[in-house]
Amino acid sequence: MVMDSRFHGGPLEVWRDKPGNRKRIRHAKRSLDECDGWVDVVIVSGSPGGGVEDASPWIPNDRNGLRWKVTHLESDTGHIRLEASKP
C-alpha cells in the first residue's frame, strides 16, 4: 500500500499553506531523523476544506503487522509518500 500526496492529496494550492501541513512536515522530518521514517498514522476521511468526516488509528496488529514509513518528503511543499510494510 502506498499513499503519495502528489497523486492522492488533492490540489497543492488548497493545503500547502495550512498549519496542519507545516506540522506534518515537522513530524515527518523528525520520523526520518529519529525513527528511520516509521510513523503512527490516523486514517482520515473527508474533503479538503470540508472538514473531517471520520478518523481512526492505524493499528498494526489489526492490519497484518503493516506499519507506515515515510519514503519521500518534499519539505518545501509538504508532498509526502508513505508505504505500508512490515518493519
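These figures come from a predicted structure and were not determined experimentally.
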Review point. Can the positive tip of Arg63 be found less than 6.0 Å from the middle of the six-membered ring of Trp68, inside 45° of the ring normal?
Key: no
Review point. Would you say Arg22's side chain and Gly78's backbone share a donor-acceptor pair under 3.5 angstrom?
Key: no
Sub-4.5 Å side-chain heavy-atom contact between [X] and [Y]:
X     : Y     : result
Met3  : Glu83 : no
Ser5  : Arg81 : no
Thr71 : Leu82 : no
Lys23 : Arg26 : yes
His72 : Arg6  : yes

Review point. If you round to the nearest 0.5 Å, how far is NE2 of His79 from CG of Asp4?
Key: 8.0 Å
Review point. To the nearest 0.5 Å, how far apart are CG in Asn61 and CG in Leu66?
Key: 11.0 Å
Hey, any chance [X] and [Y] share a hydrophobic cluster, counting ILVMFWY side chains that come within less than 4.5 Å of each other, even indirectly?
X     : Y     : result
Trp38 : Met1  : no
Ile25 : Trp15 : no
Val2  : Val41 : no

Least distance between heavy atoms, [X] atom then [Y] atom:
X     : Y     : answer
Leu12 : Thr77 : CD1-O, 3.9 Å
Gly65 : Pro87 : O-CD, 3.8 Å
Lys69 : Asp36 : CE-O, 2.8 Å

Practice item. Starting from the C-alpha separation in whole Å, work towards a yes-or-no answer on side-chain contact (heavy atoms from CB on, under 4.5 Å) for Val44 and Asp54. Key: CA-CA 6 Å; Val44 177; Asp54 187 37; over 6 Å; no
